[in-house]
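See structure below.
Just so we're on the same page: letters track the sequence lines, and every chain starts at 1. Just the heavy atoms: all of them, side chains too, but no hydrogens, waters or symmetry mates, feed the values below.
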Number of protein chains: 2
Amino acid sequence: MLFTGTHIHKLDRKGRVSVPKRFRAALEREEFAGIYLYQSHKESALEGCSESHMERIAASLDELDMFSDEADDLADTILGSSHMLPYDGEGRIILPAELIEYARIEDQVAFVGRGRTFRLWNPDIFTPLQDASRTRTLNRGATLKLKPMTEPSNGTRPRAPTEEDAS
Amino acid sequence: MLFTGTHIHKLDRKGRVSVPKRFRAALEREEFAGIYLYQSHKESALEGCSESHMERIAASLDELDMFSDEADDLADTILGSSHMLPYDGEGRIILPAELIEYARIEDQVAFVGRGRTFRLWNPDIFTPLQDASRTRTLNRGATLKLKPMTEPSNGTRPRAPTEEDAS
DNA sequence: TGGGAAATGATGGGGGTCAATGGGATTTGA
DNA sequence: TCAAATCCCATTGACCCCCATCATTTCCCA
């Protein structure tokens, strides 16, 4: 299952926000009923993913040289600052104050699908960035080279940086 | 199965439009009963595809360097702006207001087949473009080089790698 | 081959259901 | 014992299920 689309939901005065039904559906096979969030290191946004994806990240970090600066930094920024957020009975999470502040979220939250992961934004910040993104894509004449069809991926393949099928 | 031909359907006052029977037939093996739509970067049109095609797009993005600017932009413009639209019992979808506005659709929608994908247009905009494009093709004396046939086709073999783009 | 019947696809619209939201009550943990 | 987290229930409005009708095409048989 993929995370797609942009869904804008309200942050209530208790700091709760509904996770879009479509995203919950994409996660319903997960053992943990909830999501993981951590600060994006590049954007004023939050990165979100499933428990199994978080395990994949941890496994990838394991493979980096254990004492490299890069592994240290990634471990700190991702694993160290990640929050495990369970749903309440209505499929909402409580957004920790630290994350609200980091992403400069006010009364609305945009859930933006990115395939295997998603991001949370203040919609007022995201919308202009998305427009800029679209313009750059157009100017760049970017085309996406599609992979050959394979059987439906279940996302369990470790993300080793291989160069296979560079069609 | 391929998407072929141009089919003009009516957008009703609830914002619904029937997906052409031929297109639904091309998708009937999909797990998700519906289509994906997103804004074309190049045209005043909407791009449409199947769930498995969207999975392919996501998988291809996964292979680009995860933190590259280009992958980011494509994720925002395709995955972030895509809409997953299920059929109702009669094979119709609800066209989101955002997409209606983007493609300047009024009371009719043209579904135009493009092989593995298709596009949605306001027919008043598409028809003149189609005429122009046909004229250009004729003047250019364009020919299409066909790929050789591969083994006895019974339709069950996974497709050979293609270079088609996601524009 | 023509015409009428039947099947199928497209369109219109009513109403029930459920996702999103708000807020009170209860429990938990420091 | 207080504050925060969780549970629970109410509200509302968008979406989806259902059915009825209309338009085409297909089929069948004279």
Hey, does A/Leu46 have a side-chain heavy atom less than 4.5 Å from the side chain of A/Trp121?
no
Any N or O donor-acceptor pair under 3.5 Å from the base of D/dC19 to the side chain of B/Glu90?
yes
Rounding to an integer number of Å, can you tell me how far B/Glu28 CD sits from C/dG9 C1'?
15 Å
Round to a whole Å and report the spacing from NE2 of A/His7 to P of C/dT21.
12 Å
Salt bridge check, B/Asp72 against A/Arg119: does any charged N sit closer than 4.0 Å to a carboxylate O?
yes
Within this structure, what is the CE-to-P distance between A/Met84 and D/dA5, rounded to whole angstrom?
16 Å
Side chain of A/Lys14, heavy atoms from C-beta onward: which of D/dC16, D/dT6, D/dC18 has the nearest atom to it?
D/dT6
Is there side-chain contact between A/Gln39 and A/Glu47, with heavy atoms separated by less than 4.5 Å?
no
Have a look at B/Val17 and say if it touches a base, only the backbone sugar-phosphate, or nothing, with a 4.0 Å heavy-atom cut-off.
nothing
Given atom CG of A/Asp107 and atom C1' of C/dT21, what is their separation to the nearest angstrom?
14 Å
For the side chain of B/Arg24, counting heavy atoms from C-beta on, which of C/dG12, D/dT6, C/dA10 is nearest?
C/dA10
Under-4.0 Å side-chain N/O to phosphate OP1/OP2 contact, A/Ser18 with C/dA19
no
Is there, by distance only and without an angle test, a donor paired with an acceptor across the side chain of B/Arg22 and the base of C/dG9 below 3.5 Å?
no
Check the distance between D/dA5's P and A/Arg92's CZ and give it to me in whole angstrom.
14 Å
Please report, rounded to the nearest Å, how far the P atom of D/dT24 is from the NE2 atom of B/His9.
12 Å
Using whole Å, what does the distance between atom P of nucleotide D/dT24 and atom NZ of B/Lys10 come to?
12 Å
Atom-pair distance (NZ on A/Lys21; P on D/dC16), nearest Å:
11 Å
Mutual orientation of the aromatic rings belonging to A/Phe111 and A/Phe23 [parallel < 30°, tilted 30-60°, perpendicular > 60°]:
perpendicular
I want to know whether A/Tyr38 and A/His83 have ring centres closer than 6.0 Å.
no
Which comes earlier along DNA chain D counting from the 5' end, the contact point of A/Gly89 or that of B/Ile94, where each point is its nearest nucleotide?
A/Gly89
Below 3.5 Å, does any donor atom in the side chain of A/Arg16 face an acceptor in the base of C/dG23, or the other way round?
yes
